[in-house]
Each structure stands twice: as structure tokens, then as C-alpha cells.
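Shown next, in C-alpha cells, is the structure this report addresses.
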Amino acid sequence: MTVDQITAPAPADVESGGTRRKRRRVVVPLVLVAAIGGAAAWGTTRPWEPRGSVAEQPLLSHGVVAVEQGSLSSSIQVLGTLGYDAPTSVVASGRGTFTALPAVGSVVKAGGRLYEVDGRPVVLMTGIRPLWRDLGPGVTDGPDVEQLKRNLIRLGHADGLGLTVDEKFTKGTATAVKRWQKSLGVKQTGTVALGTVVMLPQAGVRVHKVGAQLGSPVGASPVLTVTSTHLVAVVQPADNQLSRFKPDGKVVVRLAEGGTVQGRIRSLIRGGGADGEEGDGGPGGSGGGQHKTTVTIVLDDQRDVRRAGPSSVTVNVVGDTAADALIVPVTALLALDGGGYGVKVVFGTTTRLVKVQLGLVADARAQISGAVKRGDQVVIPK
């Protein structure tokens, strides 16, 4: 930026599109400052007016800046974190003693062993309804039976049995259960005992935290906290940024180790905890910063983010963009009496007020068009 002292020239003309007309009075209301982002307001002194027209007021010091040409974007950047999605507590059913527990960070897929009670594996299956009873021959029809049959079919234990996904526990269902039990190396009873299966919505989970201890009895406390195997980005924007986060809106996530990943805004949830309160929810859950609004972003490419792992990220919320635009600081804009905006352009030792059209405004800079060109020097307050 080149900064010079601008002295008070003779009365200027207003130019708009090459035409000249008598200069109109220029005012700089405070509302302009509020409307375009809090830029410093000009005082009542107008250095382009003739000397003596503003009696006994000192001349303000001003500088000049060149009109730039380039891209202007209203995108914003917010710091966030990368973490595993959907933390879920797992509570054991039935009775017994924990005889094996998974390691933190281990991944268990549907059909796999989640933990062990009394030497018997407790298996992960996919479903939204927890089991509350033993399921075997003679049990009444119910949605829990349908959920079990769906898993037996998906895991390949019902091949050739003609099993249909319904709420009836048939002989074919008992046969499929025995095949499943044989694959686990346990007694083949044909009945799924309460506590031997954990139903979770995910087809695979990652162990986030182990709450039980080996040798402790089964109780009401969570055995594990598990998450999805997918990573999501989570940000907590300021209140004045919330309008930029639209449902399904596109964002670009910059990873800490370099590179970017495209993402989509999945949810915006307002919390109700006290400031500074922290929880165990983690990304996508009900954890820390509950007093702030939490935005969860799903990511298009899990391969890149898995290499980064849980870490800090920068989320760029894509806004409006103006390419090949003429750009000036917002402090160069003057509100004209009667509407519109102008800028003071330096012509040799004098200045001239030129009316311009205002375009995109972002980051204290404004897109303009009119009788100005790249490299023109415009007046700004110092």
C-alpha cells in the first residue's frame, strides 16, 4: 500500500460512467460502517472540499491505496476437530463376570466378539432394538425375533434354509442359531440367551473407552463406549457465524498434516451445558462445550482422514465468490447523498469523486465496478 498526504483540492466533480455533473454533497453515515463490517468511519471533515468550507476544523490525514483486481470470497474459516462419529455406551445384560475385554482402538464388525462374560463371547449384531429376553423355540412373535433373523441371514448362517425375515421363531431359525453357535465354539442350544448379543445400529464399531474391569460383575454401568469407524469433523462456530452453516451445505476441511477433504454439514445442535463443561461424547456426541452450538460435518473421503486420525482441522465454509473483480478496502467507500456509493480517485495532484456500483463485500474488502480500473489510487483514512 502507498500512503501519501492528500491536501484539500478545489471542488471536485462526480463522475459516473464518464459523464460529468455538479458535485453532490457527500456524507459518511455510521450506518455504512455497520453495514459493511465495522470499518472505521470518516469524520465530518471532508479533505476534498475547499479550504475554509469547514471552518476551524483540522484537516484529517489520509492515504491512498491502489485498486486491486482478483478474486474475492465471502467464505469463512473455523477451527475444529476430527474424531470418530456417534459415541454410544454399551451396557451388558444378564449376569456373570467379565472375563475378556477389548483394547481401546480395536474395531469389531457385526458378527464379531465384543467382550466375554463367564468365558462365553458376547457378539455384536446390527439393530436398533436391544434384546430383552431369551430367543428360542416357543418364544412369542416379536420385532426382536425379526431383528435376529435378519442378522443370521446377513452373516450367512441361514444359507439353504429358506429363512424369511419376519417375527416368527421357526425351526429354520433354531437351525441357523445352532450354526451361529457352532461358529463361535459354544454349546449349540438353538436359543440365543439374554446377554450373549449386543445390538447396535452400526455394522462395525471402534472401541473408544472401556468402562468395566476384568473380574467385575455385570451391572448397570456401561461396559464400553464405542463409536462409528467413520471420522467426522466437528466445529463450534460463534453465534454470528451460524447463518453460514446451512443443512447439507458444502464445506472444505483442511487437515493438520496438509491436504483437503470435501464435506457436508449433517447437523447443527445447540447445547445446554455451562461454559467450559466437558463431557465424554466426543465428535458427533454430547460431549464437551455443551453450551455452544455444535456442527457435525460428514466427510466424503475416509481414506485421507483415517491417515490423519483424530486431530485439529480448519473448516472452510464456502460462500459467494467474485472472480476477476476490482477490489478496494471498505474504508474507501463513501455513501452518496441520494443513494449509492463512490470512491475518491487521485488524478495527479487532485482527487475526483467517482460513483461506483457495489458488489460482494467480504473481509473488509468490497467489489466495485464503474469508471475505475486496476491500479487507480483511491483515498482511504490512515
Side-chain angles (χ1 to χ4, degrees), residues 71-90 104-109 126 128 200-209 224-322 360 362-363:
S71 295
L72 184 63
S73 174
S74 61
S75 300
I76 61 170
Q77 292 185 341
V78 184
L79 295 179
T81 56
L82 199 63
Y84 290 97
D85 196 16
T88 304
S89 296
V90 176
V104 171
S106 58
V107 174
V108 181
K109 295 182 179 181
T126 305
I128 60 173
L200 293 176
Q202 303 95 324
V205 297
R206 182 183 184 274
V207 177
H208 174 68
K209 181 179 179 181
L224 310 168
T225 299
V226 299
T227 66
S228 166
T229 57
H230 287 173
L231 287 154
V232 294
V234 172
V235 296
Q236 293 183 326
D239 288 345
N240 62 357
Q241 297 173 324
L242 294 181
S243 62
R244 308 296 295 277
F245 291 84
K246 306 295 185 183
D248 290 325
K250 299 289 184 65
V251 301
V252 178
V253 178
R254 182 172 296 279
L255 306 177
E257 62 177 15
T260 59
V261 178
Q262 300 292 320
R264 176 181 57 81
I265 297 170
R266 184 182 69 190
S267 63
L268 187 152
I269 301 175
R270 295 185 180 273
D275 286 332
E277 181 180 347
E278 295 185 359
D280 188 43
S286 56
Q290 293 182 16
H291 187 69
K292 297 182 179 180
T293 298
T294 298
V295 177
T296 302
I297 298 161
V298 293
L299 306 170
D300 293 348
D301 191 343
Q302 287 291 313
R303 292 174 298 178
D304 288 342
V305 295
R306 284 195 184 106
R307 285 193 291 269
S311 56
S312 61
V313 293
T314 301
V315 176
N316 183 57
V317 184
V318 180
D320 296 327
T321 300
L360 180 63
D363 297 328

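Model, not experiment: these values are computed from the prediction.
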Reported CD1-to-CD distance for the pair Ile297 and Gln262, which is rounded to 0.5 angstrom: 11.5 Å
With sequence neighbours excluded, tell me which residues meet side chain to side chain contact (heavy atoms under 4.5 Å, CB included) with Ser267. Ile269, Thr296
With side chain to side chain contact (heavy atoms under 4.5 Å, CB included) as the test, pick out the partner of Leu299 among Asp304, Val313, Val261, Asp85. Val261
Pairwise side-chain contact, Leu82 with Pro310, heavy-atom cut-off 4.5 Å (strictly under): no
Measure across Thr126 and Pro201 and return the closest heavy-atom pair with its distance rounded to 0.1 Å. CG2-O, 3.4 Å
Across all chains, not counting sequence neighbours, the salt bridge (Lys or Arg N to Asp or Glu O under 4.0 Å) partners of Asp301 are Arg303
Closest heavy-atom contact between Leu360 and Ala322? CD2-N, 3.9 Å
Close side-chain approach of Gln241 to Val295, heavy-atom, < 4.5 Å: no
Starting from the C-alpha separation in whole Å, work towards a yes-or-no answer on side-chain contact (heavy atoms from CB on, under 4.5 Å) for Thr88 and Gln202. CA-CA 10 Å; Thr88 304; Gln202 303 95 324; 3.9 Å; yes
What heavy-atom pair brings Thr294 and Gln236 nearest, and what distance separates the two atoms? OG1-NE2, 3.4 Å
Nearest atoms (heavy-atom pairs only) where Ala256 meets Ser312: CB-O, 3.3 Å
Could you list the residues that satisfy side-chain hydrogen bond (donor to acceptor under 3.5 Å, both in side chains) with Asp248, not counting sequence neighbours? Arg264
Restricting to salt bridge (Lys or Arg N to Asp or Glu O under 4.0 Å), what partner residues turn up for Asp300, sequence neighbours left out? none
If a pair satisfies side chain to side chain donor-acceptor pair (under 3.5 Å) and one of its residues is in residues 249-261, list it, with sequence neighbours excluded. none
What's the verdict on side-chain contact (heavy atoms from CB on, under 4.5 Å) for Val226 and His208, showing C-alpha distance, side-chain angles and the deciding distance? CA-CA 5 Å; Val226 299; His208 174 68; 5.9 Å; no
Can you list the steps and then say if Leu255 with Ser311 is a side-chain contact (heavy atoms from CB on, under 4.5 Å)? CA-CA 8 Å; Leu255 306 177; Ser311 56; 5.8 Å; no
Can you confirm whether Ile265 sits close enough to Lys246 that some side-chain heavy atom of one is under 4.5 Å from a side-chain heavy atom of the other? no
Taking all atoms of both residues into account, what is the closest heavy-atom pair of Ala362 and Leu72, and its distance? O-CD1, 3.9 Å
Give the C-alpha distance, both sets of side-chain angles, the deciding distance and a yes or no for side-chain contact (heavy atoms from CB on, under 4.5 Å) between Val78 and Phe245. CA-CA 11 Å; Val78 184; Phe245 291 84; 4.0 Å; yes
Just so I know, are the side chains of Gln302 and Leu231 near enough to count as touching, which here means a heavy-atom distance under 4.5 Å? yes
At what distance, to the nearest 0.5 angstrom, does CG of Leu242 lie from OG1 of Thr293? 5.0 Å
A side-chain contact here means heavy atoms from C-beta on lying under 4.5 Å apart; do Pro87 and Lys209 qualify? no
Of all residues at least two apart in sequence or in a different chain, which pass the side-chain hydrogen bond (donor to acceptor under 3.5 Å, both in side chains) check with Ser75? Ser73
